[in-house]
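Chain letters run A, B, ... following the sequence lines, proteins first and then strands; every chain starts at 1. Every value quoted in this text rests on a predicted model; they were computed, and no experiment measured them.
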Number of protein chains: 2
Amino acid sequence: MKRVRGSRSGRPIMALLDLLGRRWALRLVWELREEPRRFRDLQAAIGASPTIVNTRLAELREAGLVRLDEAAGYRLTELGEELLRLFLPLHVWAGKWAKSI
Amino acid sequence: MKRVRGSRSGRPIMALLDLLGRRWALRLVWELREEPRRFRDLQAAIGASPTIVNTRLAELREAGLVRLDEAAGYRLTELGEELLRLFLPLHVWAGKWAKSI
DNA sequence: GCCCGTTACTACAATTTCTGTAGCGATATC
DNA sequence: GATATCGCTACAGAAATTGTAGTAACGGGC
């Protein structure tokens, strides 16, 4: 098992929070929720530098959440889709949250 | 409604992903899942600088997710607890994830 | 009054991360 | 050979984060 920055405890939840708590990481997973997307497409969609997009994608690939399908582009793995399913309710909740502040 | 960095679109989900995608933001919410905690206690728990802990807490407070209860310490608001409930399954999933990589 | 501990929080230089722009090397199409 | 798309890299400047120290306010004990 690969060690992730900040996960000195070795507790999986901490490693996960650390991984997803890096800039653009959550957003990248979100952008892949519907269909595979190309590198440049992803980069344009989130508006980050190619350097950091590549770095995050590499981390997410190493974590087994994302993979590169040469024919179609970057896509979530089975594991990545499981994670996404946990996050989907966020979409609805975000609307409610926005109204209340 | 306050505008959040990177949320040029105005879509709540983007604002939320941006807010939570900043370093230590997710982790701070997580650390408040059980009980109120003092500033120094939080800071020591996550191992970040006081500067950034204070910055993130201010952002989370402005977002209505966290508040400072002078008697007990920092705690989640009602809204913050709702958000946390969406994240709780993450704990279980993280264990499974760790095993598979 | 005065020391002591605790609280949240700030100042600031050093370090790390991210951005913005340009470009590379491979592959495919004409 | 020219043109386009693909993932990806180089690199200098800008921004975020760290690490350390310290401030100001409050509440005991003495």
Side-chain angles (χ1 to χ4, degrees), chain A residues 3-9 14-15 17-32 35-77 80, chain B residues 2-9 14-32 35-77 80:
Chain A
R3 196 157 291 269
V4 186
R5 182 190 74 185
S7 61
R8 290 172 277 268
S9 64
M14 294 307 167
L17 288 177
D18 178 47
L19 178 66
L20 298 179
R22 297 177 196 173
R23 205 164 178 186
W24 304 121
L26 267 180
R27 176 70 186 271
L28 277 170
V29 172
W30 185 258
E31 292 293 341
L32 293 174
E35 56 196 358
R37 305 188 67 168
R38 292 291 177 188
F39 184 93
R40 292 172 126 87
D41 184 28
L42 272 174
Q43 196 218 317
I46 72 179
S49 71
T51 318
I52 204 63
V53 171
N54 188 45
T55 304
R56 286 295 169 272
L57 283 173
E59 291 165 357
L60 291 171
R61 288 163 85 177
E62 202 174 1
L65 301 177
V66 166
R67 68 191 167 87
L68 175 54
D69 174 348
E70 304 243 327
Y74 281 97
R75 68 188 337 159
L76 296 176
T77 61
Chain B
K2 200 74 199 298
R3 197 157 288 271
V4 185
R5 183 191 74 186
S7 61
R8 291 173 275 269
S9 64
M14 294 306 168
L16 183 63
L17 288 177
D18 176 47
L19 178 66
L20 298 179
R22 297 177 196 173
R23 204 163 179 187
W24 304 121
L26 268 180
R27 177 68 185 274
L28 277 170
V29 172
W30 185 258
E31 291 294 339
L32 293 175
E35 56 196 357
R37 304 188 68 168
R38 291 291 178 187
F39 184 94
R40 293 169 125 88
D41 184 26
L42 273 174
Q43 197 219 316
I46 73 179
S49 69
T51 317
I52 205 62
V53 171
N54 188 44
T55 304
R56 286 294 169 274
L57 284 173
E59 290 165 357
L60 290 171
R61 286 163 85 177
E62 202 175 0
L65 302 176
V66 166
R67 68 191 168 86
L68 175 54
D69 174 348
E70 303 245 325
Y74 283 97
R75 70 189 335 160
L76 296 176
T77 60

If we only count heavy atoms from C-beta on, is the A:L68 to A:L57 side-chain gap below 4.5 Å?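 Of all side-chain heavy-atom pairs linking A:L57 with A:L68, none is under 4.5 Å.
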Side-chain heavy atoms of B:I46 within contact of B:E31, under 4.5 Å: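 B:I46 vs B:E31: side chains touch.
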Length of the line joining [X]:[atom1] and [N]:[atom2], which is rounded to integer Å:
X: A:L28; N: C:dC18; atom1: CG; atom2: P; answer: 12 Å
X: A:R23; N: D:dA14; atom1: CZ; atom2: P; answer: 16 Å
X: B:L57; N: C:dT10; atom1: CG; atom2: P; answer: 11 Å
X: B:D41; N: C:dT7; atom1: CG; atom2: P; answer: 9 Å
X: B:R22; N: D:dA16; atom1: CZ; atom2: P; answer: 9 Å
X: A:I52; N: D:dA15; atom1: CD1; atom2: C1'; answer: 12 Å
X: B:I46; N: D:dT17; atom1: CD1; atom2: P; answer: 11 Å
X: B:E70; N: D:dC26; atom1: CD; atom2: C1'; answer: 10 Å

Keeping [X] on the side-chain end and [Y] on the backbone end, is there a donor-acceptor pair under 3.5 Å?
X: A:R27; Y: B:M14; value: no
X: B:T77; Y: B:G64; value: yes
X: B:Q43; Y: B:S49; value: no

* To do: Using a 4.0 Å heavy-atom cut-off across all strands, classify B:R61 as base, sugar-phosphate, or nothing.
  =>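 The residue B:R61 makes sugar-phosphate contact but no base contact.
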**Prompt:** Are OP1 or OP2 of D:dT9 and a side-chain N or O of A:N54 less than 4.0 angstrom apart?
**Reply:**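 Yes, because at least one side-chain N or O of A:N54 sits under 4.0 Å from OP1 or OP2 of D:dT9.
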Counting only side-chain heavy atoms from C-beta out, which of [options] sits nearest to [X]?
X: B:R56; options: D:dT9, D:dA16, C:dT10; answer: D:dA16
X: A:L68; options: C:dT17, D:dG7, C:dT10; answer: D:dG7
X: B:W24; options: C:dT19, D:dG7, D:dT17; answer: D:dT17
X: B:R38; options: C:dT7, C:dG20, D:dC6; answer: C:dT7

Mapping A:F39 and A:T51 to their closest nucleotides on DNA chain D, which lands nearer the 5' end?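 That would be A:F39.
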Exercise. Is a donor-acceptor pair below 3.5 Å formed from side chain B:R40 to base C:dA8, judging by atom type as modelled?
Worked result: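 By the distance-only test, yes, there is a pair.
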